[in-house]
Every structure is written in structure tokens, then in C-alpha cells.
Amino acid sequence: MKIVIGSDKAGYLLKESIKEMLTEQGYELIDVGTTDQNAPRPHTVTGPAAAAQIQSGEAQRGILICGTGMGMSMAANKNKGVYAAVVESVYSAEYCRKINDANVLCLGAFIVGEAMAKEMVNRFLETEFVQDFPKWRVDFLTGQKELLKEQEEQVFR
């Protein structure tokens, strides 16, 4: 699985730590910045750059980090086919995948510590959509996902 990763200045150090972990785990990464703390990229640049990698299929999942995760989420979610979730727990990192099929994890470097963030990233990456659910719930959530895609067609141009 190829992962796009990005941050603004606030998320830079956490991004670098997560990059190191993911590289050691054998993931292929696309870093869309910030790559230099002295030349930071804002969430309005980094979020769309990551979204473009998801939209093109170049990356299957994304990880975006800013101070709260909110700015990155807002910037990434402006793009069709990108489902960026701000999470603050391991549980929400798992369930944004399981229930909502989120493809971008947004973290707040001011909110979660490094060890927790790494655990959240791992759970996000190892969880699949509707994993371990009974058929009735799989059917329901799959239908909801399709409705969301139909809504996107109406909203995004």
C-alpha cells in the first residue's frame, strides 16, 4: 500500500516520526510536505496536494498532520473521493475506516502524543471497511457509502 503523508509546520516533527515508523514497516510513502521546518507549507497547500494523490490512485491512504487536524481535514475534504477524518483516539482511527471507509487520517500534533499517534496510524492502516461486521451491517454501510458518492456527484463539479 502506498501512503501519502503531509503536514504543516505544527505537524512537521510528528510527521517525520510517523514517516520513520512507516518506512521501517515497509510502506512506500509520498511526502507532500512540509519537508523543511524553515519553509513550511500551510494546510491549504498540503491538504489538496495529498488529496490529488488519493484521487489519482497514486496513493491508497493518506495521513495529514497539523495542530488540531481540523485544517488538514477541511482542505482535503474539498476534493471528490477524499474522505478525511480527524481522529483523537485509537478507537476512532479504527472506526473511521470500518464504518465510513475514510481514506485519509488527520491528526492534531497539539492534541495527541507521538506514541498514541503511531498507534492510531497503525490501526487506521490495518483496518478495512466493514471488517468483522455481520452481513446486514455490511449491506447497510455499503449502501450508505454509495449514497455519499451520489451526493458527491451533485455537489462536486
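We count residues from 1, following the sequence as given.
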Legend entry - Donor-acceptor side-chain pairing of Asn122 and Gln25 below 3.5 angstrom: yes

Inset, instruction - Give a yes or no on this: more than 12 heavy atoms of other residues, nucleotides or ligands lie within 6.0 Å of atom NZ of Lys9. - result: no

Inset, instruction - Would you check if the side chain of Thr34 reaches a backbone N or O of Ser7 as a donor-acceptor pair within less than 3.5 Å? - result: yes

Inset, instruction - Indicate yes or no: at least one non-hydrogen side-chain atom of Leu29 is less than 4.5 angstrom from one of Leu22. - result: yes

Inset, instruction - Evaluate the side-chain proximity of Phe129 to Ile99: yes if any heavy-atom separation is below 4.5 Å, no if none is. - result: no

Legend entry - Close side-chain approach of Glu146 and Lys149, heavy atoms under 4.5 Å: yes

Inset, instruction - Answer with yes or no whether the hydrophobic clustering places Met1 together with Met120; edges join I, L, V, M, F, W, Y residues whose side-chain heavy atoms lie under 4.5 Å apart. - result: yes

Inset, instruction - May I ask you to decide if Met74's main-chain N or O and Asn77's side chain share a donor-acceptor pair within less than 3.5 Å? - result: no

Inset, instruction - Mind listing the closest non-hydrogen atom pair of Cys66 and Gly71 along with its distance? - result: SG-N, 3.9 Å

Legend entry - Leu148 vs Asn100 side-chain heavy atoms within contact, under 4.5 Å: no

Legend entry - Nearest non-hydrogen partners of Ala10 and Gly67, listed with the distance: CB-N, 3.7 Å

Inset, instruction - Check whether any side-chain heavy atom of Ile65 sits under 4.5 Å from a side-chain heavy atom of Tyr12, and report yes or no. - result: no

Legend entry - Arg61/Glu128 salt bridge by N-O under 4.0 Å criterion: yes

Legend entry - Ile3 vs Glu28 side-chain heavy atoms within contact, under 4.5 Å: no

Legend entry - Hydrophobic cluster identity match, Phe140 and Val130, side-chain contacts under 4.5 Å: yes

Legend entry - Contact check, side chains of Leu105 and Leu64, non-hydrogen atoms, under 4.5 Å: no

Legend entry - Exam field: side chain Asp8 to backbone Arg41, donor-acceptor pair closer than 3.5 Å: no

Legend entry - Ionic contact status for Lys19 with Asp31, cut-off 4.0 Å: yes

Legend entry - Under-4.0 Å salt bridge between Arg97 and Glu94: no

Legend entry - Test item: Gln60 side-chain N/O and Lys2 main-chain N/O as donor-acceptor pair under 3.5 Å: yes

Inset, instruction - Report whether Met116 and Ile111 are members of the same hydrophobic cluster (ILVMFWY, side-chain heavy atoms less than 4.5 Å apart, transitive linking). - result: yes

Inset, instruction - Would you confirm whether Thr46, through its side chain, and His43, through its main-chain N or O, come within 3.5 Å as a donor-acceptor pair? - result: no

Inset, instruction - Answer with yes or no whether the hydrophobic clustering places Val104 together with Leu107; edges join I, L, V, M, F, W, Y residues whose side-chain heavy atoms lie under 4.5 Å apart. - result: no

Inset, instruction - Spell out, as yes or no, whether a donor-acceptor pair under 3.5 Å connects the side chain of Thr127 to the backbone of Phe124. - result: no

Legend entry - Path from Met72 to Val87 over hydrophobic side-chain contacts below 4.5 Å: no

Inset, instruction - Look at the side chain of Asn103 and the backbone N and O of Gly81, then say whether any donor-acceptor pair between them is shorter than 3.5 Å. - result: yes

Legend entry - Salt-bridge present (Lys80, Glu153; N to O < 4.0 Å): yes

Legend entry - Flag for Ser17-Lys118: side-chain donor and acceptor within less than 3.5 Å: yes

Inset, instruction - Kindly determine whether Ile30 and Ile5 satisfy side-chain contact (heavy atoms from CB on, under 4.5 Å), including the steps that lead there. - result: CA-CA 6 Å; Ile30 303 167; Ile5 190 166; over 6 Å; no

Inset, instruction - Answer whether the closest heavy-atom distance between the side chains of Lys98 and Phe133 falls below 4.5 Å. - result: yes

